[in-house]
**Q** 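Following this message is one structure expressed as structure tokens.
Each chain gets a letter, A, B and so on, in the order the sequences are listed, and its residues count up from 1. Side-chain atoms are counted along with the backbone in the values below, which use heavy atoms only and exclude waters and symmetry mates.
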2 protein chains.
Amino acid sequence: MSGQARSPRERYREQTRAEIKEAAVRQLAQGGVEGVALLRIAKGIGMSGPALYRYFASRDDLLAEMVVDAYEGLAADIREVDLTGGGRTALGALAGAFRGWAVREPHLYLLIQGTPVPGFRAPAESVLRARAVLGPFLKVFAEGRPLRSMDPLVAEFAQWLRDDADVAAWVGQWTGLSAEDAAAPVALTGAVLAWPQMHGSVSLEVAGHFSGMGHRPATLLDTQVTLLADAFQLA
Amino acid sequence: MSGQARSPRERYREQTRAEIKEAAVRQLAQGGVEGVALLRIAKGIGMSGPALYRYFASRDDLLAEMVVDAYEGLAADIREVDLTGGGRTALGALAGAFRGWAVREPHLYLLIQGTPVPGFRAPAESVLRARAVLGPFLKVFAEGRPLRSMDPLVAEFAQWLRDDADVAAWVGQWTGLSAEDAAAPVALTGAVLAWPQMHGSVSLEVAGHFSGMGHRPATLLDTQVTLLADAFQLA
DNA sequence: CACTTCAGTTATACCTCGTAACGAGTGCGA
DNA sequence: TCGCACTCGTTACGAGGTATAACTGAAGTG
């Protein structure tokens, strides 16, 4: 995926960077974002503090890369879902993969979808990765026939599709639809709506807000997804 | 609201505590949770560092109290919503109040619903406050007649209602229903389902994940609420 | 009026990020 | 093959954070 190592130095550098990120993820898992400390990481690897600054400009830099990696991991899981058959079955499978990844890597999910760091930054790369996650949803919702109550939202997204060529290209890439196609805004609406729908229950579950409540989080997510499928009359 | 100040010392103490929390909220607003530093707060008030430890056992302690206060503020806004008429109108008003508070105090919303701090704690008091927020939703959904697709979730909440007397009491307090009443689990399901439904779009909006997207967050929330109202066939 | 209690101070220990200045090894071109 | 440059990693340091300890002064209490 990344460019092949040109020099042995490059190779070593890349390997060390990976090792650092690995240790950072491990620390993230126990201690949250606040627990990710360069000094601790260095000690774990066997290096002394400031050495890490040869590999990452700052702690925020490291975290930013971890965000991108996490998005990539989630997108990879989503990408592997089998969409043949389409309809609500495919949607359920996508949502299940989404939640599955989040439950398996709760700290990573909180890192990318949780509270933004202090002076929150929106690295363009993250937006691209987020779109990679939602892409497969576009495919599913392209076949949707939304209820009347969806009209206002569909209208807004149709407008966006007209104004933003990047988004139009993104939708086209996953559905083959052009921006003028009537199904394009429908696909976009469905995919974007699926996001808060899933995030709602998954983030509360992962953050532990459901602890002590007498329901299975998976049932809750399934129910939310069903609402969505109904609204788009998916097969 | 709090007990009357017995001695002038008590009065002064209470006042100082409030002043500290005020400054903390101000710092939270600009700089996020990480920006809340006792030293900075002390400097702002005109005290010197360790003095604050007379009023709060630790930084986490201060944050915990801020969480409780924030829940109380949100609950107060929700409590003021006019529910006469009921049905989807009332539900929409509740959701609007929920989002209104979050948008007005984004840092506070992220504080209470965002990523839990390092070794996340679940103070019992927070649970009570969260229930105060969802209480009015119970009232609205008590009139609901859920679609068949809601059955699995309703069944799980019915079980919870049977197992947990506290929850049964909470539902009873807001609806007048007993745990055996068929409408009780329905009300509970609706209210609890409304939570992730609203949290999904509101948290993404507040965290800035919708920036650059061509839709009005309010429309998105309205759409999600409509899905929910449909599922419970609210009037 | 003496005595206790509490607010607030400075000093200190420890941890974090991040920079600076310095040594040591590697790899590359002449 | 030799030497230079580049990069890696080290220690030293400063700023800023949490939290404790020990001390001072002033308020409230009998």
**Q** Do the side chains of B:W160 and A:H215 get nearer than 4.5 Å, heavy atoms only?
**A** no
**Q** Tell me, please, the opening and closing nucleotides of DNA chain C, 5' to 3', among those with an atom under 4.0 angstrom from a non-hydrogen atom of chain B.
**A** C:dT5 to C:dA11
**Q** For B:H107 and B:V25, work out which heavy atoms get closest and say how close.
**A** CD2-O, 4.3 Å
**Q** Taking the side chain as every heavy atom from C-beta outward, state whether B:R26 and B:I41 have any atom pair closer than 4.5 Å.
**A** no
**Q** To the nearest Å, how far apart are A:R17 CZ and D:dT7 P?
**A** 14 Å
**Q** Looking just at side-chain N and O atoms, do B:Q224 and B:S201 make a donor-acceptor pair shorter than 3.5 Å?
**A** yes
**Q** If the condition is salt bridge (charged side-chain N to carboxylate O under 4.0 Å, His left out), which residues does B:K21 pass it with, not counting sequence neighbours?
**A** B:E65, B:D69
**Q** Do we see a donor-acceptor contact under 3.5 Å between the side chains of B:T219 and A:E156?
**A** yes
**Q** Measure the shortest side-chain to side-chain distance between A:E72 and A:R129 over non-hydrogen atoms and say whether it is less than 4.5 angstrom.
**A** yes
**Q** Can you find a heavy atom in the side chain of A:E205 that is under 4.5 Å from one in the side chain of A:R99?
**A** yes
**Q** Contact between B:V81 and B:P136 at the side-chain level, heavy atoms closer than 4.5 Å - yes or no?
**A** no
**Q** Quick test: give all pairs of protein nitrogen or oxygen and nucleotides 13-17 of chain D nitrogen or oxygen below 3.5 Å, distance rounded to 0.1 Å.
**A**
unit_1: D:dG17; atom_1: OP1; unit_2: B:R40; atom_2: NH1; d: 2.4

**Q** Students often get this wrong, so: under 4.0 angstrom with heavy atoms, is B:T16 touching a base, only sugar-phosphate, or nothing?
**A** nothing
**Q** Over how many whole Å does the gap from A:R11 atom CZ to D:dC8 atom C1' extend?
**A** 18 Å
**Q** On the 0 to 90° scale, with breaks at 30° and 60°, tag the A:F98-A:Y109 ring pair as parallel, tilted or perpendicular.
**A** perpendicular
**Q** At a cut-off of 3.5 Å, list every protein nitrogen or oxygen paired with a nitrogen or oxygen from nucleotides 25-30 of chain D, distance to 0.1 Å.
**A**
unit_1: D:dA27; atom_1: N3; unit_2: B:R9; atom_2: NH2; d: 3.1

**Q** For residues A:T16 and A:I20, determine if any side-chain heavy atom of one lies less than 4.5 Å from a side-chain heavy atom of the other.
**A** yes
**Q** Does A:Y71 have any ring pair (Phe, Tyr, Trp, His ring centres under 6.0 Å) partners at least two apart in sequence or in another chain, and if so, which?
**A** none
**Q** Mind calculating the distance between CD1 (A:I20) and C1' (D:dG9) to the nearest angstrom?
**A** 12 Å
**Q** Is the distance between the ring centroids of A:W174 and A:F141 under 6.0 Å?
**A** no
**Q** Let's see if you get this right: which residues in residues 46-56 of chain A place a heavy atom under 4.0 Å from DNA chain D?
**A** A:G46, A:M47, A:S48, A:P50, A:A51, A:R54, A:Y55
